[in-house]
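Everything below concerns the one structure shown next.
Naming convention: chains lettered A, B, ... in sequence-line order (proteins, then strands); numbering from 1 in each chain. All values reported here derive from a predicted model rather than from experimental measurement.
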There are 2 protein chains.
Amino acid sequence: MGGRRARVLELAVLGHLAGAPMHGYELRKRLNSELGIFHAFSYGSLYPCLKEMVREGLVVSAHCGGAGGRRSRIVYRLTERGRDRLGDLLAESTPAATDDECFGVHFTLFGRTRTEVRLRILDGRRARLQECLAQVRERLADPRQDPYTVELHRHRAEALESEVGWLDDLIRRERRCAEHASTADATISGNAPLREGGPPPPGSRR
Amino acid sequence: MGGRRARVLELAVLGHLAGAPMHGYELRKRLNSELGIFHAFSYGSLYPCLKEMVREGLVVSAHCGGAGGRRSRIVYRLTERGRDRLGDLLAESTPAATDDECFGVHFTLFGRTRTEVRLRILDGRRARLQECLAQVRERLADPRQDPYTVELHRHRAEALESEVGWLDDLIRRERRCAEHASTADATISGNAPLREGGPPPPGSRR
DNA sequence: GTTGCGTTATATCAGGGCGATATAGTCATA
DNA sequence: TATGACTATATCGCCCTGATATAACGCAAC
């Protein structure tokens with residue numbers, strides 16, 4: 001449980017349970033749906049993680065004998081301590097949020113964070129990608145590589161550039177929102193740069 | 001060693017040693033440089049893999065006492081059996097080549113394959129991505145998701161579309177090359193759709 | 001009505017990869 | 001001659017994945 005990855009799973013679980021109590025199977029489904037595409041957390045890590053979290057007092061479990069014919073489940077609910085931990089993890093969250101998976105988890109929880117935290121994570125991710133990009137470009141410059149490898153790197157560079165651009169847009173929006181909130185009184189809906197329900201703003205890339 | 005991932009590492013090692021004999025450290029550097037960006041095979045899997053391959057008779061090791069001041073290394077060289085195995089792995093290579101990592105390894109070895117094999121792998125990869133894309137779009141259509149999650153999926157969809165486009169270009173080139181080779185006598189440089197040294201063709205995406 | 005199958009739901013385990021660490025020789029530089 | 005940086009091999013613990021077991025339920029077929 002002490003691993004780096006486990007922390008991310010813990011964060012994801014806390015984040016989901018903050019919305020509503022849930023049982024393991026449901027939790028896993030949502031996790032897959034949000035993050036996974038192809039590659040999500042497996043039961044082999046989820047169930048042990050939940051048990052550990054019970055042991056730590058972050059969540060409490062309740063056997064829920066199946067009302068209405070369903071089989072019995074174990075429903076997990078966040079404790080006060082768990083809610084505190086979630087707050088802490090969301091507030092720190094600098095060094096962890098660099099790699100793909102961690103970033104994804106943090107990003108899906110942006111709705112629960114403040115602008116300052118979001119900007120920190122977005123900046124960190126951007127720096128990381130730029131680092132990757134520098135490496136790829138360096139390799140592209142190397143003349144003695146076979147053409148397929150070069151083509152692979154060329155495409156990777158494009159993908160990285162595209163994601164950097166995406167991050168730039170997001171960062172710009174977050175900053176604009178931050179300024180807005182500090183200079184003038186925040187309007188009712190003026191606090192979140194991304195709003196519920198509506199289509200993505202037209203200014204976004206492509 | 002029997003795992004799926006190990007097979008990929010084996011393939012990568014075979015592919016590199018087919019070019020020239022090498023020691024573990026150098027092998028790892030090249031592996032990182034070609035695939036990794038951030039996230040390559042670790043020594044913890046490479047060295048055991050090499051030992052296993054010696055046991056299987058795919059490679060032979062030779063202690064190379066450091067001439068010219070360098071410390072002694074263990075240089076690995078491909079055997080006939082190893083070369084056969086490489087040929088087999090390159091020829092099969094349908095179901096393995098779908099996920100990111102496997103695809104990367106196979107792609108960097110395209111220079112050693114025939115057009116038919118390349119097309120099979122590219123098509124497989126494309127199908128896989130399209131499957132992902134369908135899932136992402138399905139989730140995008142779901143109205144009760146928070147805006148940040150939607151934004152994440154939107155970007156993922158873009159990235160997937162972009163990669164599909166890239167694959168389409170590659171597939172088109174490979175097909176053109178295949179037709180060319182079958183209808184007319186292949187010219188000296190007409191056999192490979194991607195040529196040594198030159199800049200990427202202008203028609204490529206973006 | 002019972003057979004079989006797909007889904008929901010929890011649990012566990014073997015196998016293996018990753019990151020860390022140990023060891024040690026070489027080289028620069030200060 | 002110490003210090004750090006790089007080359008080079010090796011091993012180990014942690015934990016994650018994928019597979020499998022178990023079981024209860026719904027539903028369709030026949």
Side-chain angles (χ1 to χ4, degrees), chain A residues 1-10 12-13 21-33 35-36 38-54 59 61-76 95-96 98-102 105, chain B residues 1-13 21-33 35-36 38-55 59 61-76 95-96 98-102 105:
Chain A
M1 242 353 63
R4 216 173 47 280
R5 172 95 194 245
R7 281 290 167 81
V8 187
L9 179 51
E10 187 182 289
V13 169
M22 227 175 291
H23 56 102
Y25 191 80
E26 175 73 11
L27 204 43
R28 206 252 185 176
K29 264 201 303 186
R30 301 210 184 186
L31 249 32
N32 278 21
S33 165
L35 291 343
F38 271 70
H39 185 67
F41 298 98
S42 68
Y43 293 126
S45 37
L46 178 58
Y47 283 118
C49 177
L50 282 168
K51 279 187 181 174
E52 174 67 12
M53 288 170 72
V54 169
V59 300
S61 63
H63 282 262
C64 178
R70 310 213 125 272
R71 72 161 290 190
S72 71
R73 310 153 157 185
I74 303 177
V75 175
Y76 296 89
T98 50
D99 61 278
D100 292 355
E101 201 154 340
C102 293
V105 170
Chain B
M1 236 4 52
R4 217 172 49 282
R5 172 93 195 247
R7 282 289 166 80
V8 188
L9 179 51
E10 187 181 289
L11 174 60
V13 169
M22 228 175 294
H23 57 104
Y25 190 80
E26 174 73 12
L27 204 43
R28 205 252 185 174
K29 263 202 303 186
R30 300 211 185 186
L31 250 33
N32 277 23
S33 165
L35 290 344
F38 271 70
H39 185 65
F41 299 99
S42 68
Y43 294 126
S45 34
L46 177 58
Y47 283 117
C49 176
L50 283 168
K51 278 188 182 173
E52 175 68 11
M53 288 171 73
V54 169
R55 215 183 54 73
V59 298
S61 62
H63 282 262
C64 178
R70 312 210 126 272
R71 74 163 286 188
S72 72
R73 310 154 157 184
I74 304 177
V75 174
Y76 296 89
T98 50
D99 60 278
D100 292 355
E101 202 155 339
C102 293
V105 171

Could you state the atom-to-atom distance from [atom1] of [X] to [atom2] of [N] in whole Å?
X: Ile74(A); N: dA24(D); atom1: CD1; atom2: P; answer: 15 Å
X: Met22(A); N: dT8(C); atom1: CE; atom2: P; answer: 15 Å
X: Leu9(B); N: dG17(C); atom1: CG; atom2: C1'; answer: 10 Å
X: Leu50(A); N: dT12(C); atom1: CG; atom2: C1'; answer: 15 Å
X: Asn32(A); N: dT17(D); atom1: CG; atom2: P; answer: 11 Å
X: His23(A); N: dA24(D); atom1: NE2; atom2: P; answer: 18 Å
X: Glu26(A); N: dT10(C); atom1: CD; atom2: P; answer: 10 Å
X: Arg73(B); N: dG25(C); atom1: CZ; atom2: P; answer: 16 Å

Return the OH to OH distance between Tyr47(A) and Tyr25(A), rounded to the nearest 0.5 Å.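 Interatomic distance, Tyr47(A) OH to Tyr25(A) OH, rounded to 0.5 Å: 8.5 Å.
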In the structure I gave you, are the side-chain heavy atoms of Leu31(A) and Val105(A) within less than 4.5 Å of one another anywhere?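 Side-chain contact under 4.5 Å: no.
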Any non-hydrogen side-chain atom of Leu50(A) less than 4.5 Å from a side-chain atom of Ile74(A)?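 No, their side chains stay 4.5 Å or more apart.
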Can you see if the side chain of [X] gets near the phosphate of [N] - specifically, an N or O under 4.0 Å from OP1 or OP2?
X: Ser45(A); N: dC15(D); result: no
X: Tyr25(A); N: dT10(C); result: no
X: Ser42(A); N: dT17(D); result: yes
X: Tyr47(B); N: dT9(D); result: yes

Measuring from the side chain of Lys51(A) (C-beta onward, heavy atoms only), which nucleotide among dA9(C), dA11(C), dT7(D) has the closest atom?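 Closest of the options to the side chain of Lys51(A): dA11(C).
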Look at the side chain of Tyr43(A) and decide which nucleotide, out of dA8(D), dA10(D), dA11(C), has an atom nearest to it.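 Ranking dA8(D), dA10(D), dA11(C) by closest atom to the Tyr43(A) side chain puts dA11(C) first.
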Who are the salt bridge (charged side-chain N to carboxylate O under 4.0 Å, His left out) partners of Arg28(A), not counting sequence neighbours?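 Salt bridge (charged side-chain N to carboxylate O under 4.0 Å, His left out) list for Arg28(A), sorted by chain: empty.
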Excluding sequence neighbours, so at least two apart, what forms salt bridge (charged side-chain N to carboxylate O under 4.0 Å, His left out) with Lys51(A)?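 By the salt bridge (charged side-chain N to carboxylate O under 4.0 Å, His left out) rule, Lys51(A) matches no residue at all.
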Would you mind classifying the nucleic acid contact of Gly44(A) as base, sugar-phosphate or nothing, using non-hydrogen atoms under 4.0 angstrom?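 Base contact.
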Using the closest heavy atom to pick a nucleotide of DNA chain D for each, name whichever of Lys29(B) or His63(B) lands nearer the 5' end.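 Its nearest nucleotide being more 5', the pick is Lys29(B).
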